[in-house]
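In what follows, a structure is listed as structure tokens, so that the remarks can point back to it.
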Amino acid sequence: MTKRIGRYLDWGVSMLLGIGVFLFWYVVYPHALSYQEQYQLFLWTGDYFWERVSLPGGLADWLGEFIVQFFYVEWLGALLLALLFVTLQRLTLRLLTQGTVPLCLSLVPVALVWWLMGDINVLLSLPVALVLALALACVRLPRKLWWLDILIIPIAYWLIGPMVWVYVIVRALQLGWKHLWSAGWLLAVQLMVYAWLLPQWPLQMAMTGLNYYRIPLHYPQWSGYDKDMYELIRQDYLVRNERWDEIVKRARDHQVRTPFWSNCVNLALSQKRLLADRMFDFYQSGEDALIMPRVRDLTSMLPSAEAFWRLGMVNSAQRYMFDTQESILNGRKSGRCTKRIAECMIVNGHYQTAAKQLNLLKKSLFYRTWAEEAEALLGNEAQINAHPVYGKLRRLRYKENFLYSYEEMDKMLGLLVMRSLESGDGRQEVNRMALDYFMAQMLLKGNMQGFQQYMGLVQQYGGYRQMPIGYQDAMRCIQLRGNAPGSNYAKYVQRMMERKGK
């Protein structure tokens with residue numbers, strides 16, 4: 001009876017753990033799942049598999065990416081993470097029950113991995129490798145077959161990477177101090193692999209893992225789930241899924257004073273046609289609050305690329321997405337970036353290069369259907385021109401070449417507006433998003449004269465029944481030479497002047 005109660009208690013703890021993990025990722029941190037998924041492109045090909053397993057830890061890396069691809073569907077990704085965590089807890093419990101250790105200790109590795117995954121650059125291959133190492137340790141070999149570890153350790157190192165040290169430690173605890181020779185053998189194996197097979201890799205990566213962490217020669221930070229960092233990830237996630245109302249709602253409750261945050265919020269306001277009215281109700285980082293300059297990192301340029309795409313600056317969107325993909329430091333492709341790059345090429349009529357991107361996406365699971373539909377458009381000018389998104393962007397994009405200059409973003413936006421007003425395709429389609437961004441960029445730069453000069457353009461083509469509240473506030477601030485108590489725009493100008501004074 002006591003055994004049965006203990007068994008129920010064991011499985012009860014595991015079930016509660018699984019439910020807790022599922023709710024944590026699906027309800028609280030779905031944006032973290034999206035973040036991990038968008039920086040890889042898992043391909044269902046033999047070449048992709050062999051490319052991964054050709055390096056130490058390759059099987060764990062391949063399995064980790066296999067699981068992460070399902071993060072595209074949030075509930076499914078959360079479910080798979082719950083199963084992974086429960087497996088980790090059950091394997092730990094199995095090893096512990098070979099002694100007399102309390103049940104709660106089986107949750108210690110789970111808690112450590114859970115906290116460690118707060119570092120957004122920790123790859124899922126790390127917990128997968130830990131689970132594989134513990135699973136191997138649970139296969140108890142008879143003492144007289146201890147010599148099999150001479151073969152098992154090198155194979156395990158190649159498949160799961162340096163996490164095989166967990167297996168070696170557990171075996172040493174199981175068989176006693178005489179089995180410590182296996183630690184020396186593992187060390188020798190790592191050194192030999194480095195010297196003979198991995199001369200292009202730093203020694204410390206061969207010793208600590210090639211694919212456990214996204215940034216080479218760096219290690220996981222025990223910083224937990226930084227609130228501001230994850231808020232920025234959430235905003236990017238909401239931009240990716242076009243949940244504009246939620247972005248604006250969250251912006252009222254929690255502001256992160258960075259250009260990235262301003263880009264996301266302003267993009268959402270523009271899609272709701274609230275930018276002219278409410279822009280300065282929220283934090284504005286400066287001249288980069290609408291569109292950031294090129295920054296070689298994983299996330300900074302994503303909201304700017306999305307803004308470029310919707311404005312009709314297709315080439316700039318493609319360039320920002322390409323730079324973002326090339327900034328993935330572990331050399332992976334990005335499903336999100338590859339898809340947008342292919343779309344830009346379709347709009348521009350570069351069908352051969354678009355086909356190459358689509359061929360990659362067709363070998364994935366969740367991008368395959370979209371890629372096949374997009375492939376059917378290649379070369380079909382009539383269908384592309386009639387497409388609700390691609391056709392519109394073809395009409396709004398620039399038709400003449402010129403040198404891109406971030407410092408003259410307001411002028412480039414103005415050209416985009418005038419291009420839509422002077423369209424020679426037989427119909428006038430005002431690029432109102434570009435008009436809103438054009439006026440907003442002049443306000444951010446403090447170009448009061450230009451702002452006043454083009455107010456007539458807003459009145460004629462902006463589609464507003466009355467002058468937007470934000471513009472009224474800016475005009476009042478300009479007329480009163482900044483002495484406008486309660487003016488949001490005056491507060492912004494004052495803050496920018498103080499920043500420049502420093």
Side-chain angles (χ1 to χ4, degrees), residues 232 235-236 238-240 242 244 247-248 251 255-295 297 299-321 323-324 393 396-398 404-420 430-448 450-451 454-455 457-458 462 468-471 473-474 488-489 491-493 495-496 499-500:
L232 296 178
Q235 294 285 35
D236 176 57
L238 296 176
V239 166
R240 182 183 183 184
E242 301 183 353
W244 313 119
I247 293 175
V248 176
Q255 296 191 15
V256 185
R257 295 178 176 271
T258 65
F260 183 93
W261 186 90
S262 295
N263 281 196
C264 292
V265 175
N266 288 332
L267 177 58
L269 290 172
S270 73
Q271 299 308 293
K272 301 299 295 182
R273 293 245 53 207
L274 295 173
L275 188 66
D277 281 304
R278 301 190 56 193
M279 178 177 178
F280 291 97
D281 291 351
F282 303 94
Y283 170 78
Q284 300 298 325
S285 60
E287 294 181 24
D288 56 1
L290 289 170
I291 294 173
M292 287 185 63
R294 295 170 70 180
V295 180
D297 65 21
T299 56
S300 295
M301 296 187 293
L302 287 174
S304 298
E306 294 294 338
F308 278 140
W309 171 253
R310 287 169 171 77
L311 285 165
M313 299 176 70
V314 180
N315 290 344
S316 296
Q318 179 179 321
R319 183 170 62 253
Y320 270 40
M321 279 295 184
D323 284 352
T324 297
L393 290 176
L396 296 181
R397 64 181 176 153
Y398 300 111
Y404 175 94
S405 174
Y406 179 80
E407 289 71 22
E408 297 183 326
M409 182 61 67
D410 54 339
K411 295 179 182 179
M412 291 191 294
L413 291 168
L415 286 174
L416 203 59
V417 175
M418 299 311 296
R419 168 69 186 84
S420 70
V430 181
N431 192 338
R432 287 175 175 165
M433 179 181 174
L435 179 59
D436 290 345
Y437 266 57
F438 172 56
M439 300 299 289
Q441 189 66 28
M442 286 192 290
L443 288 176
L444 291 171
K445 292 182 68 172
N447 185 355
M448 312 302 183
F451 177 76
Y454 287 100
M455 278 304 300
L457 203 65
V458 174
I469 295 174
Y471 292 172
D473 179 42
N488 289 330
Y489 183 63
K491 293 176 183 177
Y492 166 78
V493 173
R495 178 164 57 84
M496 289 299 103
R499 179 184 296 180
K500 292 180 179 180

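Basis for what follows: all heavy atoms, side chains included, without hydrogens, waters or symmetry-related copies. Index from 1, following the sequence.
- A tilted orientation is assigned to the rings of Phe280 and Tyr492, their planes being inclined by 30° to 60°.
- A search for salt bridge (charged side-chain N to carboxylate O under 4.0 Å, His left out) contacts involving Glu287 returns nothing, not counting sequence neighbours.
- When the shell of 6.0 Å around NZ of Lys445 is examined, it contains more than 12 heavy atoms from other residues, nucleotides or ligands.
- Inter-residue side-chain proximity for Met313 and Leu413 is flagged as met; some heavy-atom pair is nearer than 4.5 Å.
- Qualifying ring-ring contact (aromatic ring centres under 6.0 Å, His included) partners for Phe282, counting only residues two or more places apart in sequence or in other chains: none.
- Exactly one residue among Leu274, Leu269, Leu267, Val265 makes a side-chain contact (heavy atoms from CB on, under 4.5 Å) with Trp244. That residue is Leu267.
- Legend: salt bridge (charged side-chain N to carboxylate O under 4.0 Å, His left out) pairs involving residues 257-268, not counting sequence neighbours: none detected.
- Here Tyr283 pairs with nothing under the ring-ring contact (aromatic ring centres under 6.0 Å, His included) rule; sequence neighbours left out.
- For the residue pair Tyr489 and Gly446, the shortest heavy atom distance occurs at OH-CA, 4.0 Å.
- With a 4.5 Å cut-off on side-chain heavy atoms, Thr258 and Met292 do not count as touching.
- Here Tyr471 pairs with Phe451 under the ring-ring contact (aromatic ring centres under 6.0 Å, His included) rule; sequence neighbours left out.
- Contact check for Tyr404 versus Met409: side-chain heavy atoms found under the 4.5 Å cut-off.
- Listed by chain and number, the residues in a side chain to side chain donor-acceptor pair (under 3.5 Å) with Gln284 are Asn266 (sequence neighbours excluded).
- Here Arg495 pairs with nothing under the salt bridge (charged side-chain N to carboxylate O under 4.0 Å, His left out) rule; sequence neighbours left out.
- Residues in residues 431-444 take part in these salt bridge (charged side-chain N to carboxylate O under 4.0 Å, His left out) pairs, two or more places apart or across chains: Arg273-Asp436.
- Here the shortest heavy-atom pairing between Phe260 and Asp236 reads CZ-CB, 3.6 Å.
- Applying the side chain to side chain donor-acceptor pair (under 3.5 Å) criterion to Asn263, with sequence neighbours excluded, gives Ser304.
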Step-by-step side-chain contact (heavy atoms from CB on, under 4.5 Å) determination, Ile291 to Met412: CA-CA 12 Å; Ile291 294 173; Met412 291 191 294; over 6 Å; no
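- Asp473 pairs by the salt bridge (charged side-chain N to carboxylate O under 4.0 Å, His left out) definition with Arg476, not counting sequence neighbours.
- To the nearest 0.5 Å, atoms CD1 (Ile247) and SG (Cys264) are separated by 6.0 Å.
- When every heavy atom of Ser420 is checked against every heavy atom of Asn431, the shortest pair comes out as OG-N, 3.1 Å.
- The salt bridge (charged side-chain N to carboxylate O under 4.0 Å, His left out) test applied to Arg397 returns no partner, not counting sequence neighbours.
- Contact annotation: the side chain of Gln271 never approaches that of Glu306 to less than 4.5 Å [non-hydrogen atoms, C-beta and beyond].
- Residues that satisfy the side-chain contact (heavy atoms from CB on, under 4.5 Å) test with Asp323, not counting sequence neighbours, are Arg294, Arg296, Met301, Arg319.
- Here the side chains of Met321 and Trp309 are not in contact, with every heavy-atom distance at 4.5 Å or above.
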